[in-house]
Amino acid sequence: MFCLAGTSRGCVGRSGSNPRKAATAEVYRTHHCAELRTKDIGSTVTLAGWVHVRRDHGGVVFIDLRDREGLTQVVFRPEENAGATEQAHTLRHEDVVQIIGKVAARLPGTENPKLVTGEIEVLPDTLTILNRADVLPFPLDSDPSNEDLRLSHRYFDLRRPHLARNLRMRHRVTKATRDFLDEQGFLEIETPILSKSTPEGARDFLVPSRQTPGKFYALPQAPQQYKQLLMVGGIEKYFQIAKCFRDEDLRADRQPEFTQIDIEASFVEPADIFRLVEGMLAAIFRNAREVEIPTPFPRLTWHAAMDQFGSDKPDRRFAMPLVDLADTFASSSFKMFRGALDAGGAVKAINAKQFALVTTGQMEELTTMAKLHGAKGLAFIKVENGKWQSPLVKFFTEEEKAALTSKLHIEEGDLVLFAADKWETACEVLGRLRLRISEFQKLTENSQTLDFLWVTDFPLLAFDAAENKWNAVHHPFTRPKAEDVPLLDSGDFGKARAEAYDVVLNGVEIGGGSIRIHEQELQAKMFAALGVSEEDQQTMFGHILRAFRLGAPPHGGIAMGLDRLMMLICGEQSIREVMAFPKNNRGLDLMSQSPSDVDQRQLRDLGLQLKEKRNE
RNA sequence: GGAGCCUUAGCUCAAUUGGUUAGAGCGCCGCCCUGUCACGGCGGAGGUUGCGGGUUCGAGCCCCGUAGGCUCCGCCA
C-alpha cells in the first residue's frame, strides 16, 4: 500500500465548475468517480471516496463509490479476490475507502444508463479502508425536513448533492463576478473587518479592544465608508466580495453575517452603474445558469413602484396592479372613501382574478394583514353568480359600478379588495395583500421568469415619528437629486429624492446603491437635515469629511446581496441553503455551538465584566 | 418585543370520537443470498409521544405553562 496519510495534495488545482486533472499528480487516486469510460477498460486505476451504497449478495459485493464528481461501481468477487471481498462485507454507508483495480466492461445487460460511468465497473485488487463512519445521523439520499439536525451536522449535510450543487454554483457566480469586473478594470481590494461603530443603520457587532481597554471595534455593516475613501484615494474602480455583519433579527433571507458584491467607481452617473451591473448579472447568469438575460433592465421610479405595485421591490411576474380610484369616488356618498380622498389620501383597489372563492380563513388573514399595516378594515367585492357580494355595493351609484368594472376589469369569479387611506398606507396595504394572494393562488409557483428591474428615485429622507427626527433612507452619504437640493434648504425634506437605486429580481431586492455626496458643503447640509450636530459629525465622520476636502472625485456604487442572488439562482427559499455554514433563526451556530461562554481570563484581558450570571 | 405553525423510534411519517401492549417504511444489528444498482429473504433491537402541570375511569390526542425549531411583523441606513 502506498497511501501517504496526511497529504492533502489531492485537492490542489481543482476547479469547482470544471473537474479536470490536478496540476500536481494526486497521491490517493488516479481518476475521480465520474471519469472512467469504456476507453479505460483494461487500465489499472486508483479511486478514493465514500461508500455511497453497498449491495451485498453474500458472494459478490457491489459498492457504489462516491466522490465529489460522481459514482463508480466497484465489484468484489470472492473467486477473484477473497481477501478484499471479505473486507467489503464489512463496509457500511459513508466509510471512506481507496481501491486499486482494473476497469472492466460490465456484463452485457447489466449496464446502468442512469450513471455516466454505467458502462464500466472496477474490479479491485486492493481495498484500503481509510476511515470508518458511525451510523449516519440522517440519510443522505433524501431531503430531511429537520433543519436543526442538518445544521448541527452541517459538514455531513454538505455531502448531499443538493447542497454541493449550490456551493459549486456559488463558486461559479463569484468567479464570473471577479472575471467580469476584472475585465472592466476594477480592482479587488480588501477593507478592514475590525472597523468603527457608527450610530446610523443596523445594530453593530462589537469587538472589545484589549490594547485600548473600554473601547470597541465594530464589524462592518458594509464597507461603505472605506470604499468611498478608496475613491478619494484615486482607485477609481473598486470591488470586493465582502463579508458584512448586522446584529439584527434573522429571517429566511437574512443572516447576521452575509456577503455583498461591493462596487464603487469614480466619475460615474447612475447610468454607468446600471450598465455595469446589467453586464455583470448577464455574465453571472450566462456562467451559472446558461441563460441570456435581456438588458437593459426596465426602470421604475420608487413612486411608480409604490403606486402600481405597493412595494419598492415589486414582483411583476404576475399583474394584479393597484388601480387608482380617486376619480371614480371623488364625489362618492361612501364616507370611508370620501373621507380618505378629502384628507388628501387615496382610494385604490386590486382585482384578485378568480379568487371569489377565497376561504373564510384566507379572508381573515388578509383582513388581519391589512389592519396590521395601518388599514382600518378591508372592503371587498366578491363577484359570484353574476352578483356583487359586498357590504359596500349599496353605497355605489350605477356610474361608480360601471367605472369600477371598467377600470378593474371585473368579471365573474373575481375578488376586489379596496384600501382608502393615506397614499403610502393604501399602497403598502394593497401591496402586501397582492403578494399574499399570489401565494394563495400559487401565481409564481413554477415560474421560470427572471424579471429584473431598477427602482430609482428613492426618497432621500424619511421621518421617524417615534424619534421625532429625519433619517436617511439609504445612508447619510447618498446624493440628493440635483433638482431637489433646494428642498434641503427649504426644510421640505419629505419631498427630496435621492440618486439611489435598487436592482430587483422577482420581487427580491438583490442590490442597492447610490451616487454619493463628494462635496463637504452638501454633506454638511445633509447632516443638518439629519440633526447631527457639528461636534457629532466630527467625532463620527471626521475622517470622511476631511477626505472630502482633499479632492474627492464624484463617485457612486452599488452593493449586491450575493446570498439572496444565489438563493434565486439556485431556486431556494432560504439563504441558508446557499451558505456553507449558516446560523439558525436565533443566530446560533448549532454545529460549533457558538456563541459560547468564554474564559474569565479572556474577559479580564479585555477589561470586561459580565453584569448578570445567566441561569445554567 | 409580538403573532402563527410545528415537536411521536436514528430518519420520514401513521395512530378512528379521548379507549387494550403507540405502528409502518427506511436505517441499525444478526443469519441467509454470486450480477445488483432503492438488490432480495428471514429474524431482532430500538419509544418517559420535547418537558412540567391539569381535566378524565382513561391523554400521543383536550386545557394551561414551558423549551426548542421554522415562518412572519417589529427591526434590518
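Throughout, a chain's letter reflects where its sequence line sits, starting with A, and its residues are numbered from 1.
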TODO: Whole angstrom is fine here: how far is it from CG in Leu366(A) over to P in A3(B)?
DONE: 21 Å
TODO: Could you pull out the closest heavy-atom pair between Val503(A) and Ile558(A), with the gap in Å?
DONE: CG1-CD1, 4.4 Å
Task: Partner set under side chain to side chain contact (heavy atoms under 4.5 Å, CB included) for Glu80(A), not counting sequence neighbours - done: Arg77(A), Leu123(A)
- [ ] Side-chain contact test, heavy atoms from C-beta onward, threshold under 4.5 Å: evaluate it for Leu378(A) versus Met363(A) and give yes or no.
- [x] yes
Open item on the list: Rounding to an integer number of angstrom, what distance separates U56(B) and C13(B) when you compare their C1' atoms?
Closed with: 29 Å
Task: Nucleotide paired to G40(B) in any strand shown, Watson-Crick or G-U, under 3.5 Å - done: C32(B)
Open item on the list: Nearest whole Å is fine: how far is C76(B) C1' from Asp204(A) CG?
Closed with: 12 Å
TODO: Measure up the Phe541(A) and Phe527(A) rings against each other and bin them: parallel (under 30°), tilted (30 to 60°), perpendicular (over 60°).
DONE: parallel
Please list, pair by pair, any protein nitrogen or oxygen found under 3.5 Å from a nitrogen or oxygen in nucleotides 27-31 of chain B.
unit_1	atom_1	unit_2	atom_2	d
C29(B)	OP1	Arg92(A)	NE	3.3
C29(B)	OP2	Arg92(A)	NE	3.4

- [ ] Please identify each residue that fulfils side-chain hydrogen bond (donor to acceptor under 3.5 Å, both in side chains) with Thr117(A), with sequence neighbours left out.
- [x] none
Open item on the list: Assess whether a salt bridge exists between Glu509(A) and Lys313(A), defined as any Lys/Arg side-chain N lying under 4.0 Å from an Asp/Glu carboxylate O.
Closed with: no
Open item on the list: Applying salt bridge (charged side-chain N to carboxylate O under 4.0 Å, His left out) as the test, list every pair that has at least one member in residues 365-378 of chain A; sequence neighbours left out.
Closed with: Glu365(A)-Arg436(A), Lys376(A)-Asp421(A)
Open item on the list: Taking the C1' atom in each of C6(B) and G60(B), what is the distance between them to the nearest angstrom?
Closed with: 15 Å
Open item on the list: I'd like to compare against my own output: the B/S/- annotation of nucleotides 67-73 of chain B with a strict under-4.0 Å heavy-atom distance to protein.
Closed with: -SSBBSB
Task: OG1 on Thr191(A) to OH on Tyr238(A), rounded to 0.5 Å - done: 4.5 Å
Task: salt bridge (Lys or Arg N to Asp or Glu O under 4.0 Å) partners of Arg251(A), counting only residues at least two apart - done: none
TODO: Scan residues 493-506 of chain A for pairs that pass salt bridge (charged side-chain N to carboxylate O under 4.0 Å, His left out), counting only residues two or more places apart or in two chains.
DONE: Asp457(A)-Arg497(A), Lys481(A)-Glu499(A), Glu483(A)-Arg497(A), Asp484(A)-Arg497(A), Asp492(A)-Lys495(A)
Task: Spacing of His52(A) atom NE2 relative to U36(B) atom P, expressed in whole Å - done: 19 Å
TODO: May I ask you to verify if any side-chain N or O of Arg55(A) is less than 4.0 angstrom from the OP1 or OP2 atom of C39(B)?
DONE: yes
TODO: Please state the P separation for the pair C5(B) and U66(B) - nearest whole angstrom.
DONE: 16 Å
Task: Distance between P atoms of U8(B) and G47(B) (Å, rounded) - done: 15 Å
Open item on the list: When you compare the ring of Phe138(A) with the six-membered ring of C11(B)'s base, are the centres less than 5.5 Å apart and the planes under 30° from each other?
Closed with: no
Open item on the list: Would you measure the distance from the C1' atom in G46(B) across to the matching atom in C26(B) and give it in whole Å?
Closed with: 14 Å
- [ ] Using a heavy-atom cut-off of under 4.0 Å over every strand shown, decide if Val61(A) touches base, sugar-phosphate, or nothing.
- [x] nothing
Open item on the list: Quick check: on RNA chain B, is the nucleotide nearest Gly58(A) upstream (toward 5') of the one nearest Pro476(A), or the reverse? Name the residue that is more 5'.
Closed with: Gly58(A)
Open item on the list: Whole angstroms only, please: what is the CG-C1' distance between Asn471(A) and C76(B)?
Closed with: 13 Å
Give each protein N/O atom lying under 3.5 Å from an N/O atom of nucleotides 42-50 of chain B, with the pair distance.
none

Task: Which residues share a ring-ring contact (aromatic ring centres under 6.0 Å, His included) with Phe156(A), sequence neighbours left out - done: Phe138(A)
Task: Atom-pair distance (CD on Glu364(A); P on G4(B)), nearest Å - done: 13 Å
Task: Separation of C76(B) P from His475(A) NE2 (nearest whole Å) - done: 15 Å
Open item on the list: Distance check needed: A38(B) C1' versus Asp141(A) CG, whole Å only.
Closed with: 8 Å
Open item on the list: Rounded to whole Å, how long is the line connecting atom CG of Leu107(A) with atom P of C37(B)?
Closed with: 14 Å
- [ ] Report the base-pairing partner of G25(B) (Watson-Crick or G-U wobble, both distances below 3.5 angstrom), or none.
- [x] C11(B)
TODO: Any chance you could lay out the side-chain contact (heavy atoms from CB on, under 4.5 Å) test for Leu488(A) and Leu460(A), step after step, and finish with the verdict?
DONE: CA-CA 10 Å; Leu488(A) 290 185; Leu460(A) 182 71; 3.9 Å; yes
TODO: Report the base-pairing partner of U55(B) (Watson-Crick or G-U wobble, both distances below 3.5 angstrom), or none.
DONE: none
Open item on the list: Using a heavy-atom cut-off of 4.0 Å across all strands, would you classify Leu71(A) as base, sugar-phosphate, or nothing?
Closed with: nothing
Task: Base-pairing assignment for A3(B) (Watson-Crick or G-U wobble, both under 3.5 Å) - done: U71(B)
TODO: Just say parallel, tilted or perpendicular for the rings of Phe477(A) and His475(A), cut-offs at 30° and 60°.
DONE: tilted
- [ ] Could you identify which residues of residues 111-122 of chain A place a heavy atom less than 4.0 Å from some atom of RNA chain B, listed by residue number, or say none?
- [x] Glu111(A), Asn112(A), Lys114(A), Glu121(A)
- [ ] Check side chain to side chain contact (heavy atoms under 4.5 Å, CB included) between Leu435(A) and all other residues, then give those that pass, not counting sequence neighbours.
- [x] Asp315(A), Phe318(A)
Open item on the list: Once salt bridge (Lys or Arg N to Asp or Glu O under 4.0 Å) is applied, do any residues pair with Arg150(A), and if so which ones, sequence neighbours excluded?
Closed with: Asp157(A), Glu577(A)
Task: His57(A) over C39(B), stacked by centroid distance under 5.5 Å, angle under 30° - done: yes
